[in-house]
Amino acid sequence: MTTVRRSDATRAAILEAARERFASDGYERATIRAIARDAGIDPSMVMRYYGNKEGLFAAASEIEIGLPELGALPARHIGAVLVTHFLERWERDEVLTAMLRVGVTNEAGAARMQAIFAQQLGPVTRGVCPDPEDAPRRAALVASQILGMALTRYVLRLPPAVAMSTEEIVAWLGPTVQRYLTAEAP
C-alpha cells in the first residue's frame, strides 16, 4: 500500500514538474533531467514511468476542457457560453497556454492539441449544429476563433487583446462562434 502511494506521489510530482517545465521552456528546451531535478527524483524514474519525453509530454498534456452541456441552453447563448468557458479556462490553467505554445512549434504538440479539440469539441459541435455531418468543419472554425484569441492574448500578449475585458471578448467572439455552430451553412 505504501509503495502504491509513493508511486502515485512520484508520478504526480513528475507531472507537475513537467507541466511547469514545458510551460516555461517549451517542448524542445525542456529536458528529462531538468524535470526530474524539479520533481526531486532521479531521471531514471521519469523514464521508468513515462518511457521518453514524448510519453511524458502526452501524460502531462492530458487536458479535460470540461465543456459545459450546451443542449439545454437556448441556441442564442451557445457562442457566448463557449467563449466565456474557454477564457475562464485559459485564465486559470497555464497548461493550456503551454500546450498552445508547444502546439505551434512542435509536431507532437500539434497532434495533442488536435486530439483534444477533436475528442472534446467535436461531440459538442455535433450536438448543436444543424447538420451533424458538418460538425468537424464547424468545430475547426470555432477552434480558429478560440485558439486565435488565446494565441494573441496569452502567448503573444498583444496589448489590445490583453487589455480587453472578458465581457468585451465575449461580445466580439460570441456571435461569431454562435454563427459557426448554429447558422445554416453558406
Side-chain angles (χ1 to χ4, degrees), residues 16 18-28 30 57 60-132 134-186:
E16 182 178 338
R19 287 181 182 116
E20 290 176 13
R21 185 60 62 172
F22 287 130
S24 65
D25 295 353
Y27 180 86
E28 300 300 331
F57 178 74
S61 62
E62 280 294 321
I63 297 171
E64 179 59 46
I65 296 174
L67 292 170
E69 178 58 47
L70 301 177
L73 284 176
R76 68 184 181 278
H77 297 300
I78 292 172
V81 167
L82 271 181
V83 172
T84 301
H85 174 77
F86 276 107
L87 288 172
E88 287 172 354
R89 281 302 308 272
W90 249 288
E91 291 290 334
R92 71 176 195 272
D93 191 347
E94 290 185 21
V95 173
L96 286 174
T97 303
M99 285 292 300
L100 186 58
R101 279 190 190 106
V102 172
V104 298
T105 61
N106 176 273
E107 196 172 311
R112 189 73 200 112
M113 287 294 282
Q114 291 165 9
I116 289 167
F117 272 83
Q119 294 163 359
Q120 297 180 44
L121 185 58
V124 169
T125 303
R126 269 191 304 285
V128 298
C129 73
D131 178 6
D134 203 27
R137 183 170 28 187
R138 290 171 182 263
L141 290 166
V142 170
S144 74
Q145 297 301 303
I146 301 296
L147 294 175
M149 178 51 73
L151 180 67
T152 59
R153 185 174 172 93
Y154 303 110
V155 175
L156 300 175
R157 304 207 39 85
L158 297 180
V162 172
M164 291 175 75
S165 69
T166 298
E167 294 77 20
E168 288 176 295
I169 295 170
V170 170
W172 280 99
L173 293 185
T176 300
V177 169
Q178 178 75 38
R179 182 172 55 83
Y180 289 158
L181 290 171
T182 61
E184 291 298 323

Residue pair Tyr180 / Arg137, side-chain heavy-atom distance below 4.5 Å: no

Flag the pair Arg138 / Pro130 as yes when at least one side-chain heavy-atom distance between them is below 4.5 Å, and no otherwise. yes

Just how far is it from atom [atom1] of [X] to atom [atom2] of [Y], taken to the nearest 0.5 Å?
| X | Y | atom1 | atom2 | result |
| --- | --- | --- | --- | --- |
| Arg101 | Asp25 | CZ | CG | 10.5 Å |
| Leu87 | Met149 | CG | CE | 7.5 Å |
| Thr97 | Arg153 | OG1 | CZ | 11.0 Å |
| Leu82 | Thr125 | CG | OG1 | 7.5 Å |
| Leu181 | Thr176 | CG | OG1 | 11.0 Å |
| Trp90 | Leu147 | CH2 | CG | 5.0 Å |

More than 12 foreign heavy atoms under 6.0 Å from CD of Glu168: is that the case here? yes

Minimal non-hydrogen separation, [X] against [Y], with atom names:
| X | Y | value |
| --- | --- | --- |
| Gln178 | Gly79 | OE1-N, 2.7 Å |
| Pro175 | Val170 | CD-O, 3.7 Å |
| Val128 | Thr182 | O-CG2, 4.0 Å |

Classify the ring geometry of Phe22 against Tyr27: parallel below 30°, tilted from 30° to 60°, perpendicular beyond 60°. parallel

Side chain to side chain donor-acceptor pair (under 3.5 Å) filter on Arg19, not counting sequence neighbours, yields none

